[in-house]
Undergrad: 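Please find one structure pasted underneath; my questions will follow.
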There are 2 protein chains.
Amino acid sequence: MITIKDIAKEAQVSEGTVDRVIHNRGGVSKKTEAKIRTILERHNFSVNPIASALAMKNKYVIATLMPTHNADDIFWKSPYLGVLKAANDVKTSGILVNHFSFNQCDPHSYFESFKTLLKSKPTAVIMVPNFSKETKQIVSLLESKNIPYLFLNIDIDGFNNMAFVGQDSYTAGYIAGKLIHSKNQTGPFLIIQARHNITKNNAVSNRIKGFNDYFLKNNIASKTQTLKLDSLDNSLETKEKINSYLIDNPEIKGIFVPSSRIYIIVDCIEAKTLKNLELIGFDNTPQNIACLLNDSVAFLISQKPFDQGYESVRMLTDYLTQNKIPNPKTFLPIDILIKENVKYNERNAFVFEKEDGIN
Amino acid sequence: MITIKDIAKEAQVSEGTVDRVIHNRGGVSKKTEAKIRTILERHNFSVNPIASALAMKNKYVIATLMPTHNADDIFWKSPYLGVLKAANDVKTSGILVNHFSFNQCDPHSYFESFKTLLKSKPTAVIMVPNFSKETKQIVSLLESKNIPYLFLNIDIDGFNNMAFVGQDSYTAGYIAGKLIHSKNQTGPFLIIQARHNITKNNAVSNRIKGFNDYFLKNNIASKTQTLKLDSLDNSLETKEKINSYLIDNPEIKGIFVPSSRIYIIVDCIEAKTLKNLELIGFDNTPQNIACLLNDSVAFLISQKPFDQGYESVRMLTDYLTQNKIPNPKTFLPIDILIKENVKYNERNAFVFEKEDGIN
DNA sequence: TGCGCTTTCGTGTACGCACACACAAATATA
DNA sequence: TATATTTGTGTGTGCGTACACGAAAGCGCA
């Protein structure tokens, strides 16, 4: 392997001069620079990343900002674990990853956590832009400091985020339509959503759009219906509403839940009604997986949240260490989970159970 | 971050002594060793992998041995690309990956390529054990040199391979049964296989077993039938056989091809017959993907070949650098591909188009 | 008891390679 | 001539690795 020393010897200059050319640090005459560049190219030289990482000693800090995971909403654990695994993998590239989290129902906690994050002086930021107004503030602070940032999972427009890593929600919804239709040629199908998602979470509305479009574009007679609830909890009120709707509309063949809370719907519906319905929902949370395994849910579409976390860290690492420009829209696979394949799909997800590193 | 120097100072010994304890290199009195170990544990010390990699300078060499990919059999390109990407990612851990390939129809080339491989003095080997007899010879050479080896994609018993990385073929076949049945409640379904696969490739027979078991275990009336051909090419003879079989058995609703050659079957069947059949096959090769996109194939099950290559290199890296014992059976996800999600599933596969590094 | 020998135990340090700063030399400007 | 500016050099630093070597301790034997 050719080293800087070799290049320097060949160009009859010192190692330091070669280093300056490699890093465009200036202070080298054009003539010398051209000579060195020629030699670099001829040897197809690239810096030894190991020695480079050692010399730089954690020059780069990636900060992540995402919702806290807890018993009520375990979804965010997977991206966190993905980040943790990636952090371990890129340690040898001189990258330090700091994790910050916030209460996903509380804009204030979002902004406060960000302020703590800023104090860690990150080189780049991976964030879940959960609240539009606060995101604007955050982004303007980041931009004033020239810190690149990447959006994870939630894709909102009008920002200069260097990339988005997540799922194509529209197509995911479209696929949900195709899957639920394949077994039940007749329909109709019911979409159950929470009202507060309508404005807040545009992933949910894109999924619904894709779902409906499947039936429209393929000229399928079966209609879709929508039931909007105030919130998706398993309160008596919710149960009541769902069950009475199903009694009033006994022709319904399947239910589509465009959020990660299909397990709550399952919990609400009476067993004998459930048996005659095909359910399809999103996200491989433990509760949802349990529903797959006990046959109450036929399909889950996974956003591959672990991979979202893992990939976003890797993308930023490649950007920082090799100046690779990330794909501005990095859509992860739309993973179709059924009872039989679900066990193999979470191979990575629980490798890193250590809960350290949270701020 | 705490360093060996710090530990040495605290224990009032030299750095070299600490290093000897860390690597169990002997030559340290019990008393001194105990003292150092206590301090190491108290500080939860772990060596800086970057400095370690630099000092060792490619101490580890991983060699891979897999079939050559070519126009006729493009399948093996993906594992190769996965290996290439992993090789790039683990460069910073002081791992060098050397790739070797062989003609998958020629046992002699398999063994010859292995002999070249051996000359590269690998620390560990990733191999596709394509021929049983030669594999025995290879393995005994590896074991005599204490070189650990890992099987990729093909799982054969009776060896001391430290791990297998690939797919659970039985379950994949079972899932194929479920999927083809979900749209066509009646059946029957035809399995088309090449005769030479029966003995050679036990992945194919496991897939068939799983496929049949789906119908048996769920007490489904629809029967499966098998058509055995001498080889799966698009010769006139093959076309003839397939089409005449389908004419003789017009009740057939779908075809299951348990190998990666479903695109050939598609090519053999007449268009108007094809329209009324549902096809399901294996592997996301470009030809097969084209069949998904033009609606001639309904489902493909992917073995995630890219990930097989990538993961196997990573597993060995973790073993070599961190002594992490790999899972002896690492089953990758059983990926269900349909027309709509296939475009997102090959995100990684063609990142690394550089064809260098082949031996 | 003393001499020389072998083990055992421990030390010191060069090396791997890139990085970046302090400094020097050469050249240009006032 | 004195002062900036450009261009180039030399070297300490990051941290672990492993070898050469030195010191000490143990042993046998006269």
Side-chain angles (χ1 to χ4, degrees), chain A residues 1-37 39-40 43-61 90-96 123 320-323, chain B residues 1-40 43-61 91-96 123 320-323:
Chain A
M1 187 182 246
I2 191 141
T3 71
I4 285 191
K5 196 181 275 177
D6 301 326
I7 303 285
K9 201 185 291 170
E10 189 169 336
Q12 296 176 321
V13 297
S14 78
E15 299 171 44
T17 307
V18 177
D19 188 65
R20 286 176 148 189
V21 171
I22 291 171
H23 296 285
N24 299 310
R25 226 169 324 104
V28 180
S29 70
K30 276 181 195 147
K31 208 177 106 195
T32 314
E33 177 170 348
K35 185 171 159 194
I36 293 173
R37 283 205 191 282
I39 298 173
L40 287 174
H43 289 72
N44 212 345
F45 176 87
S46 59
V47 297
N48 178 333
I50 301 171
S52 173
L54 179 62
M56 304 222 283
K57 204 188 177 230
N58 281 339
K59 191 175 172 178
Y60 302 121
V61 177
V90 302
K91 245 186 352 211
T92 53
S93 301
I95 306 271
L96 186 67
T123 321
L320 294 174
T321 62
Q322 303 171 47
N323 206 30
Chain B
M1 188 181 244
I2 191 138
T3 70
I4 285 191
K5 195 180 275 176
D6 300 327
I7 303 284
K9 201 185 290 170
E10 189 168 335
Q12 295 175 322
V13 297
S14 79
E15 300 171 43
T17 308
V18 177
D19 188 64
R20 284 178 151 189
V21 171
I22 292 172
H23 296 285
N24 299 310
R25 225 167 327 101
V28 180
S29 68
K30 276 181 194 148
K31 209 177 104 195
T32 313
E33 178 170 347
K35 186 169 156 195
I36 291 173
R37 283 204 191 283
T38 312
I39 297 172
L40 287 174
H43 290 73
N44 210 345
F45 177 86
S46 60
V47 297
N48 178 333
I50 300 172
S52 174
L54 180 63
M56 304 222 282
K57 201 185 180 234
N58 279 340
K59 191 175 173 179
Y60 302 121
V61 177
K91 247 189 346 213
T92 52
S93 300
I95 307 271
L96 186 68
T123 321
L320 294 173
T321 62
Q322 302 171 47
N323 207 30

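Just so it is clear: chains get the letters A, B, ... in the order the sequence lines come, proteins before strands, and each one is counted from 1. When reading the values below, keep in mind they use all heavy atoms of this one structure, side chains included, and skip hydrogens, waters and symmetry mates. Computed from a predicted structure; not experimentally measured.
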Undergrad: Can you check nucleotides 22-27 of chain C for protein contacts, nitrogen or oxygen pairs under 3.5 Å, and list what you find?
TA:
none

Undergrad: Taking the nucleotide of DNA chain C with the nearest heavy atom to each, does Met56(A) or Lys30(B) sit closer to the 5' end?
TA: Lys30(B)
Undergrad: Strictly by side-chain hydrogen bond (donor to acceptor under 3.5 Å, both in side chains), give each pair with a member in residues 43-52 of chain B just once, sequence neighbours left out.
TA: Glu10(B)-His43(B)
Undergrad: Tell me, which of residues 4-14 of chain A have any heavy atom that sits under 4.0 Å from an atom in DNA chain C?
TA: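 Within residues 4-14 of chain A, the residues near DNA chain C are Ile4(A).
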Undergrad: So what is the end-to-end bend of the helix from dT1(C)-dA30(D) to dA30(C)-dT1(D), with 5 pairs used at each end and the value given to 10 degrees?
TA: 50°
Undergrad: What residues form a side-chain contact (heavy atoms from CB on, under 4.5 Å) with Thr32(B), not counting sequence neighbours?
TA: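 In terms of side-chain contact (heavy atoms from CB on, under 4.5 Å), with neighbours along the sequence ignored, Thr32(B) is linked to Val13(B), Thr17(B), Val28(B), Ser29(B), Ile36(B).
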Undergrad: Grab the NZ-P distance between Lys91(B) and dG16(C) for me, whole Å please.
TA: 20 Å
Undergrad: For Glu15(B) and dC15(C), what is the distance between atoms CD and C1' respectively, to the nearest whole Å?
TA: 13 Å
Undergrad: Using a heavy-atom cut-off of 4.0 Å across all strands, would you classify Asn48(A) as base, sugar-phosphate, or nothing?
TA: sugar-phosphate
Undergrad: Find the distance Leu54(B):CG to dC17(C):C1' and express it as a whole number of Å.
TA: 5 Å
Undergrad: Mind checking side-chain hydrogen bond (donor to acceptor under 3.5 Å, both in side chains) for Thr123(B) and listing every partner two or more places apart, or none if nothing turns up?
TA: none
Undergrad: Check whether any side-chain N or O of His23(A) sits under 4.0 Å from OP1 or OP2 of dC19(C), and answer yes or no.
TA: yes
Undergrad: Starting at CD1 of Ile22(A) and ending at P of dA20(C), how long is that distance when rounded to a whole Å?
TA: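 Atom CD1 in Ile22(A) sits about 11 Å away from atom P in dA20(C).
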Undergrad: Taking the minimum atom-to-atom distance to the side chain of Thr17(B), which one of dG10(C), dG16(C), dA20(C) wins?
TA: dG10(C)
Undergrad: If you walk 5' to 3' along DNA chain D, what is the first nucleotide with an atom under 4.0 Å of a heavy atom in chain B, and what is the last?
TA: dC15(D) to dA18(D)
Undergrad: Between Ser52(A) and dC19(C), does any side-chain N or O lie under 4.0 Å from OP1 or OP2?
TA: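 Looking at the OP1 and OP2 atoms of dC19(C), one of them is under 4.0 Å from a side-chain N or O of Ser52(A).
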Undergrad: Would you kindly give the CD1-to-P distance between Ile50(A) and dC17(C), to the nearest whole Å?
TA: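 Rounded to whole Å, this separation is 10 Å.
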Undergrad: Does Ile95(A) have any side-chain contact (heavy atoms from CB on, under 4.5 Å) partners at least two apart in sequence or in another chain, and if so, which?
TA: Tyr60(A), Ile62(A), Val90(A), Ser93(A), Val97(A), Thr317(A), Leu320(A), Thr321(A)
Undergrad: Run the side-chain hydrogen bond (donor to acceptor under 3.5 Å, both in side chains) test against Lys35(A) and tell me which residues pass, sequence neighbours left out.
TA: none
Undergrad: So which one's nearest nucleotide on DNA chain C is more toward 5', Ala51(B) or Thr32(B)?
TA: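 Final value for this comparison: Thr32(B).
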Undergrad: Asn24(B): which residues meet the side-chain hydrogen bond (donor to acceptor under 3.5 Å, both in side chains) condition with it, sequence neighbours left out?
TA: Arg37(B)
Undergrad: dA18(C) P sits how many Å from Leu40(A) CG, rounded?
TA: 11 Å
Undergrad: Per the salt bridge (Lys or Arg N to Asp or Glu O under 4.0 Å) rule, what does the pair list look like for residues 13-22 of chain A, sequence neighbours excluded?
TA: Asp19(A)-Arg25(A)
